[in-house]
Amino acid sequence: MEDIKFNTGNTKFLLIISFVLAAGLCGLLIGYYDYSYEVIALVAFVPALILSVKYIWIPVAGFFFLIPLNILFVLSSGQTLNKLVAIFLVFLSIITGRILQVSEIFRNRKSIYVLWYGLAALASLFYTNNIDNSLYNLERLWYLIGFYFLLIMIFRDATKLDYVLWAFVFGAVISVIAPFFFDVGRIEDEELSRFGGLWGDQNQFASILVGIMPLSLAFFFSYKSRLAKIAAAASFITLLSGFILTFSRGGYVAFVLTVMIAITANIVKGRDTIRIFLIASITFLLSVIFAYFVFNTQLIGRVETLNVLDSVQSVNAERSLRIRYINYFVIAPKLFVENPVLGSGFHEFIDYSPYKLNAHNTYLEVLTGLGLLGFIPFVMILILTLKEFRIYHNYIIKKSGSYIRFTIASGLQYGFIGYLISSLFISTDTNKMLWIFISISAIMANVMRIDKKLEHQSAQVESTKRRRYVPPQQSRQLES
């Protein structure tokens, strides 16, 4: 993933940015004027097919771009547009023959744990109480597992991964600005005006932004081009502003802990660490100051609710914290003790909650729903994902010393850590964002394995040439 120099005629990247922005604008206009998605998709299918067969990373980038725009592209049938793009990717994998690369899936041991987790969820149908609820969540899970397998088969070029990740960041940016400029999206007016962007749920949206912000910051530090830095800085500030307006307490905690972990672990060595800390801190403080003067009542009121954590009685006085207290310390332990191995059923926590809500904690949701049978592979998936990010950027440094690839891999790694922390406060095991991270790390590991294989083959060819080489003087002696 080499540095892209905007000022040296690299028009391809400019075309991609134009394409992504134009697609986002068209999508907003489509959503605003309520045009027929089916007709537009049919008209766009032929040119999209021609481009996608030659450049398969384009529909992959489109899929990533659509993920943060969750509630904008919803068809009358209830299906989202990114599901249609996923179907289109399956079609491409068939006609291009990439589906024959199915053996690549199980070269990565994480795929075994992914399959184990999916089968454990499927087996829970035999003992669940509410089969309709389990089936709904099971459908979502296997859709994401299929997407994971599909990406490994069709995406094998690390040099195009930066385009895909830029599209991902731009999709999140549009998700933040759309409610303000196009009156599309969600701003909830209850006790507090909380911002949900084009995702909808404010807490989930905050966790998504926590995961994407380190990536936009990594773009800023990795690219030398002034235009790339401006785009990355503007994206980071926009995402940070949207994040603050979610008023998500769990998101705030995840953000602060992620920054502390990133600084402590030295994302970038030497003085760059200080630069990252200073720029992130100044930007965060300016955003907080802005939010304080514009939304001071809501912001202070939301954060001050954390002051009640000093006792059980004070926690019970605040409804959302009371719900979490009961979920974490009353219902979850009881369900686990009753069914420690198999669990109570996939996403069945909601049936045992007096509030009819999920666990608001990903790890408890999995542990109580699938027991140790599903919790062990789930935790292994997360551990191996972190390990793959770490191994990949160490490999890049050893191989080529590419500062861009190293920094972007670090941004993905710490974005994933932030998302895992925020998952302590929401249930995300069937969330697209979680499986995006799981899939990206698998792509990196697969590309690294292919590169090592090609290097080994190249070394063997060179070794064979050297063994067969006969010096000219020795050759003349043999002839004589």
Side-chain angles (χ1 to χ4, degrees), residues 1 52-67 82-83 85-119 121-122 140-165 167-168 211 215 377-378 380-393 395-396 405 408-409 412-413 415-416 419 429-456:
M1 198 181 304
S52 300
V53 169
K54 188 174 182 180
Y55 307 106
I56 201 165
W57 59 268
I58 292 180
V60 175
F63 183 90
F64 276 62
F65 173 76
L66 289 170
I67 286 175
N82 58 3
K83 287 187 178 180
V85 176
I87 295 172
F88 181 59
L89 288 173
V90 174
F91 174 71
L92 284 177
S93 69
I94 295 173
I95 65 174
T96 59
R98 293 175 185 257
I99 199 170
L100 299 177
Q101 304 291 336
V102 65
S103 61
E104 299 287 346
I105 294 174
F106 296 102
R107 293 182 186 275
N108 186 334
R109 62 173 175 163
K110 185 169 73 175
S111 299
I112 303 298
Y113 290 108
V114 169
L115 195 59
W116 177 0
Y117 179 63
L119 291 175
L122 184 63
R140 294 178 61 185
L141 175 65
W142 275 98
Y143 161 72
L144 294 168
I145 291 175
F147 166 71
Y148 163 82
F149 289 149
L150 180 66
L151 275 184
I152 294 177
M153 288 188 291
I154 69 175
F155 203 89
R156 302 161 61 87
D157 187 357
T159 61
K160 301 298 186 294
L161 186 59
D162 55 343
Y163 298 151
V164 173
L165 296 177
F168 193 32
L215 182 59
F378 181 72
M380 288 303 300
I381 291 169
L382 302 182
I383 292 173
L384 290 175
T385 298
L386 279 172
K387 185 177 179 180
E388 285 169 346
F389 281 133
R390 191 70 181 174
I391 291 175
Y392 178 79
H393 78 62
Y395 165 75
I396 290 301
R405 293 188 185 184
I408 290 177
L412 286 167
Q413 180 180 9
F416 183 56
Y419 192 76
D429 58 307
T430 58
N431 194 294
K432 299 186 192 76
M433 186 68 180
L434 176 66
W435 288 88
I436 282 291
F437 281 116
I438 294 172
S439 301
I440 290 175
S441 72
I443 291 172
M444 289 178 166
N446 194 40
V447 168
M448 183 174 63
R449 186 191 59 79
I450 293 172
D451 285 349
K452 287 182 176 180
K453 181 179 179 181
L454 293 176
E455 289 172 2
H456 179 68

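Numbers here are sequence positions counted from 1.
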Under the rule for side chain to side chain donor-acceptor pair (under 3.5 Å), what residues qualify as partners of N446, not counting sequence neighbours?
R449
Nearest heavy-atom pair of I145 and G118: which atoms, and what distance?
CD1-CA, 3.7 Å
Taking only residues two or more places apart in sequence, or in another chain, which ones meet S111 in a side chain to side chain donor-acceptor pair (under 3.5 Å)?
Y148
Run the side-chain contact (heavy atoms from CB on, under 4.5 Å) test against L150 and tell me which residues pass, sequence neighbours left out.
L89, V90, S93, M153, I154
Assess whether side-chain contact (heavy atoms from CB on, under 4.5 Å) is satisfied between L151 and F64, documenting all intermediate values.
CA-CA 11 Å; L151 275 184; F64 276 62; 4.0 Å; yes
What are the two closest non-hydrogen atoms of A167 and A61, and how far apart are they?
CB-O, 3.5 Å
Please give me the minimum heavy-atom distance between L119 and W142, naming the atom from each residue.
N-CZ2, 3.8 Å
Does any part of the side chain of V164, heavy atoms only, come nearer than 4.5 Å to the side chain of F63, both counted from C-beta?
no
Between CG on residue L434 and CD1 on residue I381, distance to nearest 0.5 Å
8.5 Å
Hey, what do you get for CG (L161) to CZ (F168), rounding to the nearest 0.5 Å?
11.5 Å
The criterion is side-chain contact (heavy atoms from CB on, under 4.5 Å); which residues satisfy it with L386, sequence neighbours excluded?
Q413, F416, I417, L420
Here the pair of heavy atoms bringing A121 nearest to L141 is CB-CD2, 3.6 Å
For L412, the side-chain contact (heavy atoms from CB on, under 4.5 Å) test, sequence neighbours excluded, returns L165, L215, F389, I408, F437, I440, M444
Test L144 against N431 for side-chain contact (heavy atoms from CB on, under 4.5 Å), laying out the working first.
CA-CA 8 Å; L144 294 168; N431 194 294; 6.0 Å; no
Is the ring centre of W57 less than 6.0 Å from the ring centre of Y163?
yes
Say you draw a straight line from CZ of R140 to OG1 of T430; how long is it, rounded to the nearest 0.5 Å?
4.0 Å
Mind checking side-chain contact (heavy atoms from CB on, under 4.5 Å) for A445 and listing every partner two or more places apart, or none if nothing turns up?
N108, E388
Between atom NZ of K387 and atom NZ of K110, what is the distance when rounded to the nearest 0.5 Å?
12.0 Å
